[in-house]
Amino acid sequence: MGLSTLTATETPVVLVRAEEDDGENAARTPYGEIVVGVDIHQSCDRVLAFAFEEASRRDCALRAVHGWKLPPASGYSPVLKASVAREVDHTVAEMLDDMLMPWRMKFPDVRLEEQTFIGSAGRELVQATTGADLVVIGRRIRRSPMGTHLGPIAHAVLHHTAAPVAVLAHD
């Protein structure tokens, strides 16, 4: 039912896995970290606004992550030369930093960590969310009645992350 709701609305949706009830109500601990998946190639202001507002409200750290890989048509083999990978990763990290700069200035109280990685964005984002208290991701709005309305990254995160996941629809 959660996935149906998620793809049918353009409002933010937070999906929380049901916890096993051990018979005791555990005391609420302080929030530790929110992880937000960032696509540096398109505007994700709605996703970043939600993540920064939540981190500020909860007084917790925010880790912005972006995964990348070169397209198959780039002519490189699947295993990049270390020097090429470092150069591309440096450029990607600068692009992520540039995208986050206005948010860092708007929310100076938020402790922000930036992380880029080489590999499958879905798999790497799932690994990055280990121990997170909340994961924030975007979902492109698909207007076509045919086909999937949930991309592979959102699908991976929703099915393989233990933390609650906030999904924000965007163009």
Side-chain angles (χ1 to χ4, degrees), residues 2-16 31-71 74 85 88-144 147-171:
L3 291 179
S4 298
T5 301
L6 180 69
T7 59
T9 185
E10 293 183 14
T11 60
V13 175
V14 178
L15 298 173
V16 181
Y31 293 106
E33 178 181 59
I34 294 173
V35 174
V36 59
V38 180
D39 183 349
I40 62 172
H41 301 293
Q42 66 177 0
S43 174
C44 54
D45 288 344
R46 193 167 184 209
V47 175
L48 290 172
F50 186 93
F52 273 89
E53 287 167 4
E54 283 301 309
S56 180
R57 182 178 301 116
R58 297 172 185 219
D59 189 29
C60 69
L62 176 62
R63 185 160 35 122
V65 298
H66 173 78
W68 65 272
K69 59 184 175 181
L70 292 175
S74 66
V88 173
D89 194 52
H90 179 72
T91 301
V92 168
E94 285 178 346
M95 291 171 70
L96 178 61
D97 187 57
D98 290 346
M99 180 176 260
L100 295 171
M101 183 59 68
W103 297 100
R104 190 180 292 114
M105 293 173 76
K106 185 174 181 178
F107 292 91
D109 60 317
V110 172
R111 297 175 311 278
L112 178 65
E113 177 187 341
E114 300 171 31
Q115 179 182 5
T116 60
F117 48 80
I118 302 169
S120 162
R123 183 179 65 239
E124 297 295 333
L125 185 55
V126 167
Q127 288 181 354
T129 63
T130 302
D133 294 306
L134 177 67
V135 180
V136 181
I137 59 173
R139 173 186 74 80
R140 287 193 186 103
I141 298 170
R142 306 232 196 293
R143 306 278 184 218
S144 170
T148 182
H149 289 254
L150 190 63
I153 296 169
H155 188 268
V157 170
L158 289 169
H159 287 283
H160 301 289
T161 298
V165 180
V167 183
L168 287 91
H170 63 86
D171 285 322

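- Counting heavy atoms from C-beta on, the side chains of Val65 and Glu124 never come closer than 4.5 Å.
- When all heavy atoms of Ala55 and Ile34 are compared, the closest pair comes out as N-CD1, 3.5 Å.
- With a 4.5 Å cut-off on side-chain heavy atoms, Val110 and Trp103 do not count as touching.
- Across all non-hydrogen atoms, the minimal contact from Leu100 to Ala64 is CD1-CB, 3.6 Å.
- Asp97 has a carboxylate O that lies under 4.0 Å from a charged side-chain N of Arg104, or vice versa, which qualifies the two as a salt bridge.
- In this structure, Ser43 and Met99 have side chains that are not in contact, with every pair of non-hydrogen atoms separated by 4.5 Å or more.
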Step-by-step side chain to side chain contact (heavy atoms under 4.5 Å, CB included) determination, Val38 to Glu114: CA-CA 10 Å; Val38 180; Glu114 300 171 31; over 6 Å; no
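- To the nearest 0.5 angstrom, Thr116 atom OG1 is 8.0 Å from Trp68 atom CH2.
- Here the shortest heavy-atom pairing between Ala61 and Arg111 reads N-NH2, 3.2 Å.
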Working for side chain to side chain contact (heavy atoms under 4.5 Å, CB included), residues Arg63 and Val36: CA-CA 6 Å; Arg63 185 160 35 122; Val36 59; over 6 Å; no
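- Residues Glu53 and Phe107 meet the side-chain proximity criterion, which asks for heavy atoms closer than 4.5 Å.
- Residues Phe52 and Leu112 are in side-chain contact: their nearest non-hydrogen atoms beyond the backbone lie under 4.5 Å apart.
- Annotation for Val35 and Ala132: closest pair CG2-CB, 3.8 Å, computed over non-hydrogen atoms.
- Side-chain contact between Leu168 and Val136 is present, with at least one heavy-atom pair separated by less than 4.5 Å.
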Arg46/Phe50 under side chain to side chain contact (heavy atoms under 4.5 Å, CB included): CA gap, chis, key distance, verdict: CA-CA 6 Å; Arg46 193 167 184 209; Phe50 186 93; over 6 Å; no
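- For the atom pair CG (Asp133) and CD (Glu33), the distance works out to 8.0 Å, reported to the nearest 0.5 Å.
- For the pair Met95/His41, a side-chain contact is recorded, criterion being any heavy-atom separation below 4.5 Å from C-beta on.
- Rounding to the nearest 0.5 Å gives a distance of 9.0 Å between CG of Asp89 and NE2 of His66.
- For the pair Ser56 and Asp109, the tightest heavy-atom approach, listed with the atom from each and the gap, is OG-OD2, 2.9 Å.
- Nearest heavy atom pair, residue Ala156 against residue Val126, reads O-CG2, 3.6 Å.
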Check against side chain to side chain contact (heavy atoms under 4.5 Å, CB included), Val47 and Asp39: CA-CA 10 Å; Val47 175; Asp39 183 349; over 6 Å; no
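- When side chains are defined from C-beta on, Leu15 does not count as touching Pro164, because their heavy atoms never get closer than 4.5 Å.
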